[in-house]
Amino acid sequence: QMLCQIAKTKTDESKNELNNYLVGYFALFLNTEKSWSADYDSVKYLSSLDSDDGKLRVFTWNLNFRDGSFKYFGFLQYKTKDGIRVHFLDDKKADNVEGIQRSFSTSSEWYGALYYELITKKWNSRTYYTLIGWDGADFLINRKVVEVLTFDRKGMPLFGQKCFKLERTVTGRLIFEYADRATMLLRYNDKNDILVLDHLSPPETKYKGLYQYYGPDYSYDAFIFRAGRWH
């Protein structure tokens, strides 16, 4: 089990080396027919999510480095009329000066996260896959990420669709930053058909904007999906 080996490995160099083998092996395996029917639930350190329409499978995992940073890896398997398309997810967060504000709209320029929920929505014959993920960021901050994934007619993935309406602004990705020691609730409530999340705030106003101090304040926010957008 390569992922277990990576988790036990102490040096960053060895982790990267083992992970390169894993990426190569996984890419080959996911292009075989038997990969679609394989069971991934028992694979430790791997997140595997299936869409409700049976067309999409999302795999993600991460490497945790000695300096407290993380790098994320993943694959999309998407069923088209011509067969199953496989896309490698290449985390580009650390490689640019714009940081987390960049658009990250393609699989080769991905906002890396460990996805733990996948919500399938349809509107006007278009399918919107909402992904909720965790990003360990660093020693001070954790992040939760929500974004919408769609596919074009050629079966190519497009991330960060502008589907989130917050009062007067429309954005393509929600990023919540909070203290490393805190825990943030962010999940889909199937019964009420809403996204529910902890409202984050600093303990005192002097810490406003310093997200390493933010945490849940015992109030909640929610998003509801209407006409192709989360409001």
*Asks:* Are Y178 and I175 connected in the hydrophobic side-chain network, where two residues link if heavy atoms are under 4.5 Å apart?
*Replies:*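 Hydrophobic grouping puts Y178 apart from I175.
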*Asks:* Looking only at heavy atoms, what is the nearest atom pair of S69 and N64, with distance?
*Replies:*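 Reported closest heavy-atom pair: O-OD1, 3.5 Å.
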*Asks:* Look at the side-chain heavy atoms of Ile, Leu, Val, Met, Phe, Trp and Tyr, link any pair under 4.5 Å apart, and say whether L18 and F73 land in one connected group.
*Replies:*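 The answer is yes; both residues are in one hydrophobic cluster.
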*Asks:* Do the ring planes of F26 and F29 sit parallel (below 30°), tilted (30 to 60°) or perpendicular (above 60°)?
*Replies:*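 Because their plane-to-plane angle is under 30°, the rings of F26 and F29 count as parallel.
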*Asks:* For a 4.5 angstrom cut-off between non-hydrogen side-chain atoms, does L30 reach F88?
*Replies:*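 They are not in contact (no side-chain heavy atoms under 4.5 Å apart), so the answer is no.
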*Asks:* Could you list all the ring pair (Phe, Tyr, Trp, His ring centres under 6.0 Å) pairs where at least one residue sits in residues 31-53, not counting sequence neighbours?
*Replies:*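 Listed by first then second residue: Y40-F59.
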*Asks:* Atom OH in Y25, atom CE in M2: separation rounded to 0.5 Å?
*Replies:*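 The OH atom of Y25 sits 7.5 Å away from the CE atom of M2.
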*Asks:* side-chain hydrogen bond (donor to acceptor under 3.5 Å, both in side chains) with Y72: which of D90, T60, D135?
*Replies:*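 Result for side-chain hydrogen bond (donor to acceptor under 3.5 Å, both in side chains) with Y72: D135.
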*Asks:* Are F225 and W230 close enough that their ring centres sit under 6.0 Å apart?
*Replies:*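 Ring centres of W230 and F225 closer than 6.0 Å.
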*Asks:* Which is it for Y213 and E204 under the side chain to side chain contact (heavy atoms under 4.5 Å, CB included) test, yes or no, and what are the steps along the way?
*Replies:* CA-CA 9 Å; Y213 297 106; E204 296 174 52; over 6 Å; no
*Asks:* Which heavy atom of D180 sits nearest to which heavy atom of D138, and what is that distance?
*Replies:*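 Minimum heavy-atom contact is OD1-O, 3.7 Å.
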*Asks:* Quiz question: by atom type and distance under 3.5 Å, do the side chains of S219 and D217 form a donor-acceptor pair?
*Replies:*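 Yes, a side-chain donor-acceptor pair sits under 3.5 Å.
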*Asks:* Let me check something: do L49 and L56 share a hydrophobic cluster, defined by ILVMFWY side-chain heavy atoms less than 4.5 Å apart, either directly or through other members?
*Replies:*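 Yes, L49 connects to L56 through the hydrophobic network.
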*Asks:* For Q212 versus A179, what's the shortest heavy-atom pair and its separation?
*Replies:*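 So the two residues come closest at O-CB, 3.1 Å.
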*Asks:* If we only count heavy atoms from C-beta on, is the L3 to K44 side-chain gap below 4.5 Å?
*Replies:*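 No, every pair of side-chain atoms sits at 4.5 Å or beyond.
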*Asks:* What about F164 and I119, same hydrophobic cluster or not, with Ile/Leu/Val/Met/Phe/Trp/Tyr joined at side-chain heavy-atom distances under 4.5 Å?
*Replies:*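 Yes; tracing contacts between hydrophobic side chains, which count when under 4.5 Å, links both residues.
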*Asks:* Report yes or no: does R85 contribute a side-chain atom to a donor-acceptor pair with the main-chain N or O of K154 at less than 3.5 Å?
*Replies:*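 Checked: pair present.
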*Asks:* Between Y111 and D91, does any side-chain donor sit less than 3.5 Å from a side-chain acceptor?
*Replies:*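 The answer is no; no qualifying pair exists.
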*Asks:* Does any part of the side chain of F223, heavy atoms only, come nearer than 4.5 Å to the side chain of V146, both counted from C-beta?
*Replies:*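 Side chain of V146 against side chain of F223, heavy atoms only: no contact under 4.5 Å found.
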*Asks:* Decide yes or no for I6 and Y21: does some side-chain heavy atom of the first lie under 4.5 Å from some side-chain heavy atom of the second?
*Replies:*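 The answer is no; the side chains never approach within 4.5 Å.
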*Asks:* List the steps and the verdict of side chain to side chain contact (heavy atoms under 4.5 Å, CB included) for W61 and L22.
*Replies:* CA-CA 11 Å; W61 72 93; L22 176 62; 3.7 Å; yes
*Asks:* Evaluate the side-chain proximity of D221 to F176: yes if any heavy-atom separation is below 4.5 Å, no if none is.
*Replies:*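 No, too far: nothing below the 4.5 Å cut-off.
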*Asks:* Quick one: NZ on K121 to OG on S51, what's the gap to the nearest 0.5 Å?
*Replies:*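 Going from the NZ atom of K121 to the OG atom of S51 covers 13.5 Å.
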*Asks:* With a 4.5 Å heavy-atom cut-off, do K71 and N19 have their side chains touching?
*Replies:*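 Result no, sub-4.5 Å side-chain heavy-atom pair not found.
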*Asks:* Using the rule given for side chain to side chain contact (heavy atoms under 4.5 Å, CB included), can you reason through F104 versus K92, listing the C-alpha separation, both sets of side-chain angles and the distance that settles it, and then say yes or no?
*Replies:* CA-CA 8 Å; F104 299 104; K92 285 290 198 287; 4.2 Å; yes
*Asks:* Can you confirm whether K165 is buried at NZ, in the sense that more than 12 heavy atoms of other residues, nucleotides or ligands lie under 6.0 Å from that atom?
*Replies:*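 Yes, the 6.0 Å shell around NZ holds more than 12 heavy atoms from other groups.
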*Asks:* In the structure I gave you, are the side-chain heavy atoms of P157 and Y78 within less than 4.5 Å of one another anywhere?
*Replies:*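 They are not in contact (no side-chain heavy atoms under 4.5 Å apart), so the answer is no.
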*Asks:* Hey, does the side chain of D53 reach the backbone of K55 with a donor-acceptor pair shorter than 3.5 angstrom?
*Replies:*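 Such a contact is found between D53 side chain and K55 backbone.
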*Asks:* Report whether V86 and L76 are members of the same hydrophobic cluster (ILVMFWY, side-chain heavy atoms less than 4.5 Å apart, transitive linking).
*Replies:*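 V86 and L76: separate clusters.
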*Asks:* So, for A27 and N31, which heavy atoms are closest and what is the spacing to 0.1 Å?
*Replies:*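 The pair with the smallest heavy-atom distance is O-ND2, 2.8 Å.
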*Asks:* If you define the side chain from C-beta out and look only at heavy atoms, does anything of L200 sit under 4.5 Å from P216?
*Replies:*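 Of all side-chain heavy-atom pairs linking P216 with L200, at least one is under 4.5 Å.
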*Asks:* To the nearest 0.5 Å, how far apart are NZ in K144 and CG in L197?
*Replies:*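 So the gap between those two atoms works out to 9.5 Å.
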*Asks:* Evaluate Y218 against D198 for side chain to side chain donor-acceptor pair (under 3.5 Å), listing each step before the verdict.
*Replies:* CA-CA 7 Å; Y218 304 105; D198 275 321; over 6 Å; no
*Asks:* Check whether any side-chain N or O of K162 sits under 3.5 Å from a backbone N or O of V170 as a donor-acceptor pair, and report yes or no.
*Replies:*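 Judged by distance alone, no pair lies under 3.5 Å.
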*Asks:* Would you compute the distance between atom CG of L131 and atom CD of E147 and round it to the nearest 0.5 angstrom?
*Replies:*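 Nearest 0.5 Å value for the CG-CD distance: 6.5 Å.
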*Asks:* Drop me the distance from F65's CZ to T11's OG1, to the nearest 0.5 angstrom.
*Replies:*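 So the CZ of F65 and the OG1 of T11 are separated by 10.5 Å.
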*Asks:* Does the plane of the ring in H87 sit parallel, tilted or perpendicular to the ring in F151? Use 30° and 60° as the thresholds.
*Replies:*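 Tilted.
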*Asks:* If we ignore hydrogens and angles and just use 3.5 Å, is the side chain of D152 paired with the main-chain N or O of L158 as donor and acceptor?
*Replies:*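 Flag not set: sc D152 to bb L158 has no pair under 3.5 Å.
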*Asks:* Nearest 0.5 Å, please: how far is OG1 in T80 from CE in M156?
*Replies:*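 The OG1 atom of T80 is 11.5 Å from CE of M156, to the nearest 0.5 Å.
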*Asks:* Would you check if the side chain of N124 reaches a backbone N or O of R126 as a donor-acceptor pair within less than 3.5 Å?
*Replies:*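 Not a single qualifying donor-acceptor pair exists.
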